[in-house]
**Q** 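Quick one: the structure is below, questions incoming.
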Amino acid sequence: MNQTFKQHTLAVVALVLTLLAAALVMLDPLSASGQVRRWNPRRVPPDTVFVGDQACLDCHKKFASFNHSGMAMAMEQVGESKILTENPQLTMRVGAYSYQIKRDGKQSFYSVTDGKDTITLPILYALGQGKMGQTYVLQHEGKFYESLVSFYAEPKGLDFTIGAPRMEPRSLLDAVGRVLPPNEVSNCFSCHALGAVVGSQLRLDKFTHGIRCESCHGPGGKHVEAVKAGEPGSTGIFDPGLLSGDELTQQFCASCHRGADEFALLKSMEINNVRFQPYRIFHSKCYSDDRKISCTACHNPHEPLRENAPAYYDKRCLECHTLKSQTAKAAGGAGATAGSSCPVAEKDCTSCHMPKIEVKAAHFNFTDHYIRIVRPGEKFPN
Ligand code: HEC
Ligand code: HEC
Ligand code: HEC
Ligand code: HEC
Ligand code: HEC
Ligand code: HEC
Ligand code: HEC
């Protein structure tokens with residue numbers, strides 16, 4: 001081997017090592033101060049261990065309100081399910097097929113019959129708090145199924161699951177529901193539960209129902225130890241408060257609520273994309289990297305959703321906009337300087353500018369997060 005070639009090889013090796021080191025630094029989620037810099041709620045690294053909400057609530061008592069939030073209830077435990085105990089017998093008929101969901105002690109059974117044969121399966125998982133709907137995951141002959149019918153709060157009872165073909169099934173097996181391919185099972189559980197998918201492995205023997213503290217803050221074991229050992233409270237935990245407004249909205253909350261990564265797909269869904277708030281709000285003239293228009297400007301993820309509380313949301317709008325009467329007063333006749341104001345009304349802003357949109361078959365009117373002037377008779381802006 002000649003000298004120049006050796007030198008060249010050494011240089012290449014050195015370059016590769018430098019790049020590797022740089023990559024490792026970027027991958028290392030811990031900064032020098034021990035603060036966690038990155039966390040993706042749906043990409044849980046292998047061997048991650050979660051300590052559970054109770055550990056967090058021992059010190060962070062004021063966050064106990066989280067237990068009453070929709071996210072905490074994104075998956076109900078069948079044994080304690082409020083919906084399944086309050087509705088001990090649910091029935092529905094689709095052509096020749098009759099459905100029944102029946103409570104028996106701590107279990108619920110989903111059965112469908114064509115009059116001759118019957119398939120009865122225990123409900124394994126109940127997804128959704130049931131405000132929009134609750135869908136069941138079943139297992140039959142080694143495969144997972146999404147129930148063909150779901151529970152809806154309004155009207156209280158069963159109807160087709162959103163997205164399911166609304167027609168008579170072709171066979172008793174079809175009538176059970178849709179076979180869920182393994183990747184879809186993982187997707188369901190990674191958005192509705194904690195620790196069911198770790199290092200891309202599905203582990204249904206060991207997970208926690210619903211969104212939990214560590215879904216958003218990452219594993220808390222190191223933090224608990226560090227704080228107990230007298231280290232600063234920022235150690236070993238991810239604080240999404242460090243993200244910019246756009247990162248928080250289009251990456252962090254969007255990891256489950258869907259956003260920038262999937263715009264082409266969401267656009268093709270037309271009116272059904274009204275469910276995906278990060279996608280919708282992105283199109284609004286109000287939207288920017290400003291934290292005053294990020295998801296947490298209007299929603300405290302540690303509390304239940306504020307419903308039918310227009311005054312609460314008015315305050316958020318008025319962080320940027322002004323009231324016409326006040327602008328006129330403040331300006332005292334001179335030119336107004338603050339943000340634009342509404343020529344039509346002074347309160348209940350969201351009632352006109354964030355309309356509730358009815359999605360056929362969903363039994364729920366979704367709040368359109370594309371904040372805008374809604375003109376009478378306009379087509380849904382996709
Ligand atoms: C032994 C007490 C203790 C426990 C247990 C604990 N924390 Fe903390 N945590 C603290 C203290 C003290 C701080 C710093 C002051 C503050 O923000 O309240 C803190 C800060 C935080 C912060 C803000 C970090 C920052 O960068 O400012 C987050 C997020 C957090 N904790 C989440 C959690 C989660 C999630 C759990 C459960 C896995 C948990 N904590 C368990 C004591 C605790
Ligand atoms: C790990 C996935 C996940 C992440 C991350 C996530 N969400 Fe959610 N969120 C859900 C699921 C699932 C539901 C539906 C719960 C239900 O209705 O059953 C939901 C529901 C909600 C609701 C409605 C609650 C109700 O009672 O109707 C709000 C508001 C919300 N999320 C805000 C946020 C915000 C803000 C963030 C980011 C800080 C966020 N979410 C991050 C999964 C997530
Ligand atoms: C990418 C994350 C994601 C995946 C994958 C996902 N969900 Fe959801 N799901 C959500 C979020 C976020 C909401 C609430 C927000 C909304 O729709 O407005 C929700 C809402 C629901 C609801 C209505 C909850 C209510 O408030 O009543 C049901 C039922 C549901 N999902 C079932 C499922 C099932 C079953 C699967 C798998 C086949 C699944 N989801 C896959 C994120 C997800
Ligand atoms: C859906 C995601 C989500 C869940 C679930 C969640 N948090 Fe948070 N948390 C956030 C976000 C986002 C922030 C930053 C808030 C901000 O800056 O606007 C935050 C901030 C915090 C902070 C630091 C700021 C403060 O107000 O003291 C603590 C402590 C904390 N969370 C504890 C918890 C605990 C304990 C739980 C479970 C009971 C929990 N969080 C569940 C998203 C979440
Ligand atoms: C400017 C205020 C505002 C911002 C920013 C905002 N929301 Fe909302 N959101 C609302 C209002 C208002 C409602 C309806 C409350 C009610 O039911 O009365 C709502 C409802 C929801 C619901 C319940 C389902 C529905 O369609 O009603 C979810 C889920 C949700 N928001 C998630 C998000 C997420 C995720 C983000 C970030 C992309 C976000 N929101 C940003 C104001 C806001
Ligand atoms: C972070 C600042 C911010 C917040 C918060 C905010 N907006 Fe805006 N909004 C803007 C900006 C910037 C524009 C575009 C310039 C203008 O009209 O002032 C705008 C434009 C609008 C428009 C005109 C849209 C069009 O298509 O012409 C309406 C209507 C509006 N906002 C309503 C609201 C309502 C209602 C809320 C609360 C739910 C809100 N905004 C919250 C910054 C904001
Ligand atoms: C009763 C329905 C209604 C309510 C409530 C309402 N608006 Fe409007 N808003 C409208 C309509 C309609 C327009 C369009 C007026 C026009 O261009 O003729 C408008 C226009 C606007 C604009 C654009 C102004 C411009 O100069 O282009 C903003 C910003 C706005 N509204 C903000 C708000 C805020 C903030 C609130 C709450 C304080 C609010 N609106 C309450 C119906 C409403």
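Each ligand, and each atom within it, is numbered from 1 in the order the structure gives. For the single chain, residues carry numbers from 1 onward in sequence order. Since this is a predicted model, take the numbers as computed values, not measurements.
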**Q** Distance to 0.1 Å, residue and atom name: give those for the protein heavy atom nearest to atom 22 (C) of ligand 5.
**A**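 For atom 22 (C) of ligand 5, the nearest protein heavy atom comes out as Gln277 NE2, 4.2 Å.
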**Q** Between Arg372 and ligand 6, does any nitrogen or oxygen pair lie at a separation below 3.5 Å?
**A**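 No.
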**Q** Can you confirm whether something in the protein, heavy atoms only, sits under 4.0 Å from atom 42 (C) of ligand 2?
**A** yes
**Q** With Arg280 as the cation and Phe276 as the aromatic partner, state whether NZ or CZ is under 6.0 Å from the six-membered ring centre and within 45° of the axis.
**A** no
**Q** Taking all atoms of both residues into account, what is the closest heavy-atom pair of His363 and Glu154, and its distance?
**A**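 For His363 and Glu154, the tightest heavy-atom pair comes out as CB-O, 3.2 Å.
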**Q** For ligand 5, is any non-hydrogen atom under 4.0 Å from Thr367's backbone (N, CA, C, O), its side chain (CB onward), both, or neither?
**A**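 Both backbone and side chain.
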**Q** At a non-hydrogen distance cut-off of under 4.0 Å, which region of Lys285 contacts ligand 6 (side chain, backbone, both, or neither)?
**A**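 Both parts.
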**Q** Please state which part of Lys131 comes within less than 4.0 Å of ligand 2, counting heavy atoms only: side chain, backbone, both or neither.
**A**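 Near ligand 2, Lys131 shows its side chain, while the N, CA, C and O stay back.
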**Q** Indicate yes or no: at least one non-hydrogen side-chain atom of Cys59 is less than 4.5 angstrom from one of Val227.
**A** no
**Q** Which atom names give the shortest non-hydrogen contact between Asp47 and Val198, and what distance separates them?
**A**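 It is N-CG1, 3.9 Å.
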**Q** For Ser190 and Arg42, what are the C-alpha separation, side-chain angles and deciding distance, and is it a side chain to side chain donor-acceptor pair (under 3.5 Å)?
**A** CA-CA 6 Å; Ser190 67; Arg42 294 187 60 214; 3.0 Å; yes
**Q** Numbering the atoms of ligand 5 from 1, which are under 4.0 Å from a heavy atom of Arg306?
**A**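 Near Arg306, the atoms of ligand 5 are 15 (C), 16 (C), 18 (O).
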**Q** Within the 4.0 Å heavy-atom shell around Cys191, which atoms of ligand 2 are there?
**A**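 Near Cys191, meaning under 4.0 Å from one of its heavy atoms, ligand 2 has 2 (C), 12 (C), 42 (C).
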**Q** For atom 37 (C) of ligand 6, grab the closest protein heavy atom and report residue, atom and distance to one decimal in Å.
**A**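 Sorting protein heavy atoms by distance from atom 37 (C) of ligand 6 puts Cys317 SG, 1.9 Å first.
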**Q** Answer yes or no for His369: is there an N/O/S atom below the 2.8 Å cut-off from atom 8 (Fe) of ligand 5?
**A**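 Yes - counting backbone and side chain alike, His369 has an N, O or S atom under 2.8 Å.
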**Q** Would you mind checking if Lys156 and Glu86 are paired as a salt bridge, meaning a charged N to carboxylate O distance below 4.0 Å?
**A**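 Salt bridge flag = no for Lys156 with Glu86.
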**Q** For atom 15 (C) of ligand 6, decide whether some protein heavy-atom distance is shorter than 4.0 Å.
**A**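 No, there is no protein heavy atom closer to it than 4.0 Å.
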**Q** What atoms of ligand 6 come closer than 4.0 angstrom to any heavy atom of Cys349?
**A** 35 (C)
**Q** Between Asn308 and ligand 5, is there a nitrogen or oxygen pair with a distance under 3.5 Å?
**A**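 N/O-N/O distance below 3.5 Å exists for this pair.
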**Q** For atom 23 (C) of ligand 5, what's the nearest protein heavy-atom neighbour? Residue, atom name and distance, please.
**A**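 The answer is Leu305 CD2, 3.8 Å.
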**Q** With only distance considered, is Thr350 within less than 3.5 Å of ligand 5 through an N or O on each side?
**A** no
**Q** Does Phe366 belong to the same Ile/Leu/Val/Met/Phe/Trp/Tyr cluster as Ile371, with side-chain heavy atoms less than 4.5 Å apart forming each link?
**A**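 No; tracing contacts between hydrophobic side chains, which count when under 4.5 Å, never links both residues.
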**Q** Would you mind reporting whether Phe160 and Val94 have side-chain heavy atoms less than 4.5 Å apart?
**A** yes
**Q** Any idea which atoms of ligand 6 are less than 4.0 Å away from a heavy-atom of Lys292?
**A** 1 (C), 5 (C)
**Q** Within less than 4.0 angstrom of ligand 5, does Gln250 place any heavy atom?
**A**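 Gln250 does not count as a contact of ligand 5 under the 4.0 Å cut-off.
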**Q** Considering only protein heavy atoms, which is closest to atom 24 (C) of ligand 2, and at what distance to one decimal place?
**A** Gly70 CA, 4.0 Å
**Q** Can you measure from OG (Ser215) to CZ (Phe50) and round to the nearest 0.5 angstrom?
**A**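 Those atoms lie 7.0 Å apart.
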**Q** Evaluate the ring planes of Phe207 and Phe189, with Trp represented by its six-membered ring, and classify them as parallel (under 30°), tilted (30 to 60°) or perpendicular (over 60°).
**A** perpendicular
**Q** Would you mind telling me if ligand 5 is within reach of the side chain of Phe366, the backbone, both or neither, using heavy atoms under 4.0 Å?
**A** both
**Q** As an exercise, identify every atom of ligand 2 less than 4.0 angstrom from a heavy atom of Cys256.
**A**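 Checking each atom against Cys256, I get 1 (C), 2 (C), 3 (C), 4 (C), 5 (C), 42 (C), 43 (C).
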**Q** For atom 1 (C) of ligand 6, grab the closest protein heavy atom and report residue, atom and distance to one decimal in Å.
**A**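 So the nearest neighbour among protein heavy atoms is Cys320 SG, 2.8 Å.
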**Q** Numbering the atoms of ligand 5 from 1, which are under 4.0 Å from a heavy atom of Lys356?
**A** 14 (C), 16 (C), 17 (O), 18 (O)
**Q** Tell me: protein heavy atom nearest atom 18 (O) of ligand 6, and distance?
**A**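 Heavy-atom neighbour on the protein nearest atom 18 (O) of ligand 6: Ser340 OG, 2.7 Å.
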**Q** Go through ligand 2 atom by atom and flag the ones less than 4.0 Å from a non-hydrogen atom of His299.
**A**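 Those qualifying, in numeric order: 29 (C).
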**Q** Could you tell me which atoms of ligand 2, counted from 1 in the order shown, lie closer than 4.0 angstrom to a heavy atom of Gly128?
**A**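 Listed by number with element: 18 (O).
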**Q** Decide whether the shortest distance between a heavy atom of His321 and an atom of ligand 6 is less than 4.0 Å.
**A** yes
**Q** Non-hydrogen atoms of Pro304 versus ligand 2: any pair closer than 4.0 Å?
**A** no
**Q** Run the contact test for Arg316 against ligand 5 with a 4.0 Å cut-off on heavy atoms, strictly below, and give the result.
**A** no
**Q** Would you kindly specify which portion of His257 sits under 4.0 Å from ligand 2, judged on non-hydrogen atoms: side chain, backbone, both or neither?
**A** side chain
**Q** So which atom in Tyr97 and which in Leu172 form the shortest heavy-atom distance, rounded to 0.1 Å?
**A** OH-N, 3.6 Å
**Q** Tell me whether ligand 5 is touched by Gly259 - counting only heavy atoms on the residue side and a distance under 4.0 Å.
**A**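 False for this residue.
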**Q** Check each atom of ligand 5 against the heavy atoms of Pro278 and keep those under 4.0 Å away; list them by number with element.
**A** 38 (C)
**Q** Quick test: of every protein heavy atom, which one is nearest to atom 13 (C) of ligand 2, and how far off is it to 0.1 Å?
**A** Met71 CG, 4.1 Å
**Q** Return the option from Cys295, Cys253, Ser69, Ala72 holding the heavy atom at the smallest distance from atom 38 (C) of ligand 2.
**A** Cys253
**Q** Judging by distance only, is a nitrogen or oxygen of His192 under 3.5 angstrom from one on ligand 2?
**A**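 N/O-N/O distance below 3.5 Å does not exist for this pair.
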**Q** When you compare ligand 5 with Tyr313, is there at least one nitrogen or oxygen pair between them that comes in under 3.5 angstrom?
**A**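 In fact, backbone or side chain, Tyr313 has no N or O that close.
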**Q** Verify the contact flag for atom 28 (C) of ligand 6, where contact means a protein heavy atom under 4.0 Å away.
**A**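 Under the 4.0 Å cut-off, atom 28 (C) of ligand 6 has no protein heavy-atom neighbours at all.
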**Q** Answer side chain, backbone, both or neither: which part of Ile211 comes under 4.0 Å from ligand 2, heavy atoms only.
**A** side chain
**Q** Identify the protein heavy atom lying closest to atom 3 (C) of ligand 5, giving its residue, its atom name and the separation to 0.1 Å.
**A** Cys298 SG, 2.7 Å
**Q** Within ligand 5, which atoms have a heavy atom of Ile293 less than 4.0 Å away?
**A**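 Counting from 1, the qualifying ligand atoms are 5 (C).
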**Q** Does the residue Arg280 have a heavy-atom contact with ligand 5, meaning some pair of atoms that are separated by less than 4.0 Å?
**A** no
**Q** Where does Cys286 meet ligand 5, judged by heavy-atom distances below 4.0 Å: at the side chain, the backbone, both, or neither?
**A**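 For Cys286, no heavy atom sits under 4.0 Å from ligand 5.
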**Q** Report, in ascending order of atom number, the atoms of ligand 6 lying under 4.0 Å from any heavy atom of Ile373.
**A**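 Matching atoms, with element in brackets: 27 (O), 29 (C).
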**Q** Would a 4.5 Å heavy-atom cut-off, applied to side chains only, mark His369 and His257 as touching?
**A** no
**Q** For Ala297, is the nearest heavy atom under 4.0 Å from an atom of ligand 5?
**A**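 The answer is no: ligand 5 sits nowhere under 4.0 Å from a heavy atom of Ala297.
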**Q** Please could you name the atoms of ligand 5 that Ser294 approaches to less than 4.0 Å, counting only its heavy atoms?
**A** 5 (C)
**Q** Do Lys106 and Glu80 come close enough that some side-chain heavy atom pair is under 4.5 Å?
**A**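 Yes, their side chains come closer than 4.5 Å.
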**Q** Identify, by atom number and element, the atoms of ligand 5 in contact range of Ile281, meaning under 4.0 Å from any of its heavy atoms.
**A**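 Answer, ordered by atom number: 5 (C).
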**Q** Do me a favour and list the nearest non-hydrogen protein atom to atom 33 (C) of ligand 6 with residue, atom name and distance?
**A**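 Scanning the protein heavy atoms, the shortest distance from atom 33 (C) of ligand 6 goes to Ile371 CG2, 3.4 Å.
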**Q** Which ligand 2 atoms are under 4.0 Å away from a heavy-atom of Pro41?
**A**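 Those of ligand 2 that fall under 4.0 Å from Pro41 are 5 (C).
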**Q** Out of the candidates Thr135, Val185, Leu204, only one should pair with Tyr125 under the side chain to side chain contact (heavy atoms under 4.5 Å, CB included) rule; please name it.
**A** Leu204
